[in-house]
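Note that the structure is predicted; figures quoted are calculated from it, not measured. Counting from 1, the numbers follow the sequence of the chain as shown.
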Amino acid sequence: MNLRPEPGPEGVGASVVVEERTDFPVNRGALCGKGRAAPAVLSSRVRLTQPLMRTHAGQLAPATWEEALDAVAEGLARTARTHGPDAVGVFGGGGLTNEKAYALGKFARVALRTSQIDYNGRFCMSSAAAAHQRAFGLDRGLPFPLEDIPRTGCVILVGSNLAETMPPALRYLTELKENGGTLIVIDPRRTRTADQADLHLAPRPGTDLALALGLLHLVVAEGHTDEEFIASRTTGWPEARAAAMAHWPELVERLTGVPVPRLREAVRMFCAPDTAMVLTARGPEQQSKGTDTVGAWINLCLATGRAGRPYSGYGCLTGQGNGQGGREHGQKADQLPGYRKLTDPAARAHVAGVWGVDPDSLPGPGRSAYELLDALGTDVRALLLMGSNPVVSAPRAAHIEDRIRSLDFLAVADVVLSETAALADVVLPVTQWAEESGTTTNLEGRVLLRRRALTPPPGVRSDLDVLHGLAGRLGVEKGFPTDPEEVFEELRRASSGGPADYAGISYARIEAEQGVFWPCPAAPEAPATPDAPATPDAPAGSPGPEHPGTPRLFLDRFATEDGRARFVAVTHRDAAEMPDAQYPVLLTTGRVVAQYQSGAQTRRVDELNAAAPGPFVELHPRLAARVGAQEGRPLAVVSRRGRVVVPARITDTIRADTVFMPFHWPGEGRANTLTNAALDPVSRMPEFKVCAVRLEAPSPQPSPSSPGLLEDRPQPGQ
């Protein structure tokens, strides 16, 4: 998008107009309602414009930047002196630019010397990333551009309501069908996306792994495997095949609730064309077996030869503004820039050389996101948090809120006073998307440049300014520049030679090419030779031709040591928490189109609140009749971790054994009060997508003056 400032009487947000860029290759100018309404958050009426500090009376009060930065530096340093460096934690976000994510990881390891850093992207794509790494040796959300989707023969879309979570991308599925391709949607709800499908499968939440294995069983039984591809480009097939054959169709029907004829129809549709894709999102990934679940879908692609070939493959649809780039450059507990492993001595030496520090001074891997939050107030006593709102977004959220409240010191850098920022000792107001330059990396691996369009309000600084100011106060005078392009130039060097190699990418190239796909190594030197003597235009030792970037991965070989993709033998297992007599219903969670993530920003936009004013629980009419629920009336949803009360929304578009809640709201309607923190053993992803609950219709109905009614709650944005 482009922004056009216009005179306006109501502050910055009212004077900005969004202009769609129809020439942009990814969304072709299309924006969802959140994109069109985004300028509203630029207004000084809804965002932070000065630092805040906790007074002796316990209130947040205005402070100067010098006072605030001094207090943050002292709080972090005091904790490290008293309890050791690992008593200081850092928590980042998938919405940070590449430059900010890189600087935050460097700040944790160089200025604070702590291993305790992770970010909220662990709650989004980590299972898919782990499965990608395990099967292909490299994680990039999509190994092909979005433009390839309409050119394939069939797409299986697993656990994604693209029509509401990424509306501009829905056109690629529409074009797929216009081109004669077919769409299979797998979701326990009949969503707006499922309405577009040629075939909708509605498995019981938590059974996506069994479903994938059942489809692979049928692929084998019906002779649809690509034996030449398996022999020449993969390893591990005998073990994976044996595991799949243990999941016969009738067993899978009992586990998933999907009838055998529909399983057979899905296999027929997927295997009939020459090309096909599987795309997953949070549905199969946010499970305590998410890595294995994604691995089973990858196995389906490999067994049918639908990987490493044009218009075929497995891909993950990312879920945050910089969901891909945010996990590549060091704010994740076990990674260094360029997607390097923190445990790799060569990676440590390379990055330490760029940073000018001893490799032995770099801490080892720390705790994953939930484990870090769970350790607050005990092992981790102080926390610096940027771009996240775990009071609303973390699983078992009431417990995490208690852990945050128990901290000795909390500093939050954010655009708005989120529910987490409201608990901080120091709140730092920072710039947002239109007020700063920086790069992001989209789900295709395309590195994009966002140029500053507006001057931020007085009293607001960038996250890079914050890290620069804190590093200096902690005794690190150099290495934390405030200019994003200078940070990106260092990022290029730090990522050079790594899996996510940005060395050949520059701001100028991104602008000229409307994005550059990684990996993109630096241009090699081109020394003079007898056949190609040095010239004034190309002297000896000058760079050779620029690397074009890599829109499509794995066409020649996979990124494993032997160049072959790896099958992984996986077996279905139950969710960590299954329904029982006390909690007989399954809860799954997700998004609505008008709100985003924890809602900290979107809940401050009148237009978006009008479209999605508050939380609700969606349930089937048969289940509603059984528990006495009424449309629009309060209904209690109770898990082993807590109780919420929200209006009932009765619909036949959901399974009768399942309820759905969006997770954008705090307080009495906070869906993550209920969710389970059981972790995937590989990715450390919590099991957001399935837990056991019971429903209670409040009776008798409380009077309008009673505390706790929906009408008495603070409205979104207050």
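Using a cut-off of 4.0 Å between Lys/Arg side-chain N and Asp/Glu carboxylate O, Asp208 and Lys289 are scored as not salt-bridged. Taking 4.0 Å as the cut-off between side-chain N and carboxylate O, Asp379 and Arg367 count as a salt-bridged pair. Glu250 and Arg254 are not joined by a salt bridge, as no carboxylate oxygen comes within less than 4.0 angstrom of a charged side-chain nitrogen. Between Arg670 and Glu419 there is no salt bridge, since none of the side-chain N atoms of the basic residue sits less than 4.0 Å from a carboxylate O of the acidic one. At a threshold of 4.0 Å, the pair Asp118-Arg684 does not count as salt-bridged, since none of the basic side-chain nitrogens sits closer than that to a carboxylate oxygen. One finds a salt bridge joining Asp195 and Arg190 here, because a Lys/Arg side-chain nitrogen approaches an Asp/Glu carboxylate oxygen to under 4.0 Å. Salt bridge status for Arg268 with Glu222: absent, with no side-chain N to carboxylate O gap under 4.0 Å. A salt bridge between Arg134 and Asp292 is present, with a side-chain N of the basic residue lying under 4.0 Å from a carboxylate O of the acidic one.
The closest side-chain donor-acceptor pair between Asp680 and Gln286, if any, does not fall under 3.5 angstrom. Neither side chain, Gln582 nor Asp580, offers a donor N or O lying under 3.5 Å from an acceptor on the other. A donor-acceptor pair shorter than 3.5 Å can be found between the side chains of Gln320 and Asn120. No side-chain donor from either of Thr174 and Arg171 sits under 3.5 Å from a side-chain acceptor of the other. Glu687 and Ser288 are linked by a side-chain donor-acceptor pair at a separation below 3.5 angstrom, with hydrogens and angles left out of the test. When only modelled atom types and interatomic distance are considered, Thr280 and Glu285 share a side-chain donor-acceptor pair under 3.5 Å.
One distance of note links CG of Leu407 with OG1 of Thr378; it measures 9.0 Å at 0.5 Å rounding. Here CD of Glu401 is found 8.0 Å from OG1 of Thr673. Values are rounded to the nearest 0.5 Å.
Taking the six-membered ring for Trp and thresholds of 30 and 60 degrees, Phe660 and Phe616 have ring planes inclined between 30 and 60 degrees apart.
The two residues Thr318 and Arg282 have their closest heavy-atom pair at C-NH1, 3.6 Å. Nearest heavy-atom pair across Thr675 and Thr589 is CG2-CG2, 3.9 Å. Contact record, Val380 with Gly89: CG1-N, 3.6 Å, taken as the closest heavy-atom pair.
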Working for side-chain contact (heavy atoms from CB on, under 4.5 Å), residues Val219 and Thr304 | CA-CA 8 Å; Val219 163; Thr304 55; 3.7 Å; yes
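The side-chain heavy atoms of Leu586 and Pro579, taken from C-beta on, include a pair separated by under 4.5 Å. Under the 4.5 Å side-chain criterion, counting only non-hydrogen atoms from C-beta, Val258 is not in contact with Val252. Side-chain contact between Asp657 and Leu623: absent, with no pair of heavy atoms (C-beta onward) separated by less than 4.5 Å. Using a 4.5 Å heavy-atom cutoff, the side chains of Arg641 and His399 are not in contact. Within the 4.5 Å cutoff, side-chain heavy atoms of Leu317 are placed close to those of Leu443. No side-chain heavy atom of Arg403 sits less than 4.5 Å from a side-chain heavy atom of Leu373. Between Cys124 and Arg327, every side-chain heavy-atom pair lies at or beyond the 4.5 Å cut-off.
Counting non-hydrogen atoms of other residues, nucleotides and ligands closer than 6.0 Å to CZ of Arg640 gives a total above 12. Around atom NZ of Lys341, no more than 12 heavy atoms belonging to other residues, nucleotides or ligands sit under 6.0 Å away. Counting non-hydrogen atoms of neighbouring residues, nucleotides and ligands closer than 6.0 angstrom, the CZ atom of Arg649 reaches no more than 12 such neighbours.
Judged purely by atom type and a 3.5 angstrom limit, Arg603 has no side-chain atom pairing as donor or acceptor with the backbone of Gln595.
Among Leu674, Val638, Thr658, the one residue that satisfies the side-chain contact (heavy atoms from CB on, under 4.5 Å) test with Leu587 is Leu674.
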